[in-house]
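Presented below is the structure to which this report refers.
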Amino acid sequence: MEIKKAEQGSQLTMYIEGRLDTNAAPKLSDAVDEALTDAVSQFILDMGACDYVASSGLRVILGAQKKMNSLGGNMIVKNVTDPVMEVFEMIGFADILTFE
């Protein structure tokens with residue numbers, strides 16, 4: 001999995017490419033922990049190139065949402081592929097996360 005970041009003012013976008021599985025989740029978790037500070041008011045997670053999400057990846061995404069909530073910010077998940085969206089819907093994340 002590859003993670004790319006783009007910052008524009010207080011907006012941070014992370015682009016995930018590849019599989020967000022058990023091996024990749026710690027890498028994303030570290031990147032999220034390092035990047036999400038009180039200077040970030042909007043966090044965009046672009047999953048357009050992510051074709052698989054394991055439960056460990058789901059925990060990282062939920063943790064990012066909780067962190068943005070605690071910072072008083074906003075998180076948006078964008079460009080989710082159909083197979084990954086099915087997982088989000090199945091486990092109830094479609095009701096918790098904001099999608100574009």
Side-chain angles (χ1 to χ4, degrees):
M1 181 191 71
E2 265 191 64
I3 303 169
K4 296 178 184 169
K5 293 188 266 185
E7 295 180 51
Q8 184 176 15
S10 63
Q11 178 180 299
L12 170 68
T13 303
M14 279 191 184
Y15 301 88
I16 300 174
E17 183 178 328
R19 296 171 56 90
L20 182 50
D21 56 17
T22 304
N23 296 323
K27 181 179 176 182
L28 180 61
S29 180
D30 290 346
V32 166
D33 287 344
E34 180 183 315
L36 296 187
T37 66
D38 56 357
V40 176
S41 64
Q42 183 170 44
F43 175 51
I44 299 171
L45 186 62
D46 190 314
M47 300 186 70
C50 178
D51 54 4
Y52 175 83
V53 177
S55 60
S56 54
L58 294 170
R59 280 191 294 277
V60 174
I61 294 168
L62 184 59
Q65 177 66 62
K66 288 181 179 180
K67 185 157 187 178
M68 286 307 299
N69 288 347
S70 72
L71 293 171
N74 183 31
M75 178 173 155
I76 299 170
V77 182
K78 288 177 69 170
N79 301 322
V80 180
T81 62
D82 289 341
V84 172
M85 185 55 94
E86 285 180 30
V87 173
F88 285 146
E89 289 171 350
M90 223 180 339
I91 62 168
F93 274 28
D95 299 329
I96 297 170
L97 301 173
T98 302
F99 295 94
E100 264 187 19

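Counting begins at 1 with the first residue of the sequence.
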- request: Enter the distance from Met75:CE to Thr98:OG1 here, rounded to the nearest 0.5 Å.
  value: 8.5 Å
message: Any side-chain to backbone donor/acceptor pair from Thr81 onto Cys50? Under 3.5 Å, distance only.
response: yes
statement: From the list Val53, Asp51, Ile61, Leu28, side-chain contact (heavy atoms from CB on, under 4.5 Å) partner of Ile16 resolves to Leu28
task: Indicate yes or no: at least one non-hydrogen side-chain atom of Met1 is less than 4.5 angstrom from one of Asp21.
output: no
- request: Only one of Leu36, Val32, Ile44 passes side-chain contact (heavy atoms from CB on, under 4.5 Å) with Leu12; say which it is.
  value: Leu36
- request: Go through Thr13 and Lys78 one step at a time and tell me if the side chain to side chain contact (heavy atoms under 4.5 Å, CB included) criterion holds.
  value: CA-CA 10 Å; Thr13 303; Lys78 288 177 69 170; over 6 Å; no
task: Measure the spacing between CD of Glu7 and CE of Met14 and express it to the nearest 0.5 Å.
output: 9.0 Å
field: Residues forming a side chain to side chain contact (heavy atoms under 4.5 Å, CB included) with Lys66, sequence neighbours excluded
entry: Leu62
message: Do Ile76 and Leu20 sit in one hydrophobic cluster, given that two such residues count as connected whenever their side-chain heavy atoms are within less than 4.5 Å of each other, even indirectly?
response: no
message: Please enumerate all residues that pass side chain to side chain contact (heavy atoms under 4.5 Å, CB included) together with Glu89, with sequence neighbours excluded.
response: Met85, Ala94
- request: Evaluate the ring planes of Phe88 and Phe99, with Trp represented by its six-membered ring, and classify them as parallel (under 30°), tilted (30 to 60°) or perpendicular (over 60°).
  value: tilted
Tyr52-Leu97 co-clustered via ILVMFWY side chain contacts under 4.5 Å: no
field: Residue of the set Asp46, Asn79, Ile3 for which side-chain contact (heavy atoms from CB on, under 4.5 Å) holds with Tyr15
entry: Asp46
statement: Between Ala25 and Gly57 the two heavy atoms that sit nearest each other are CB-N, 3.9 Å
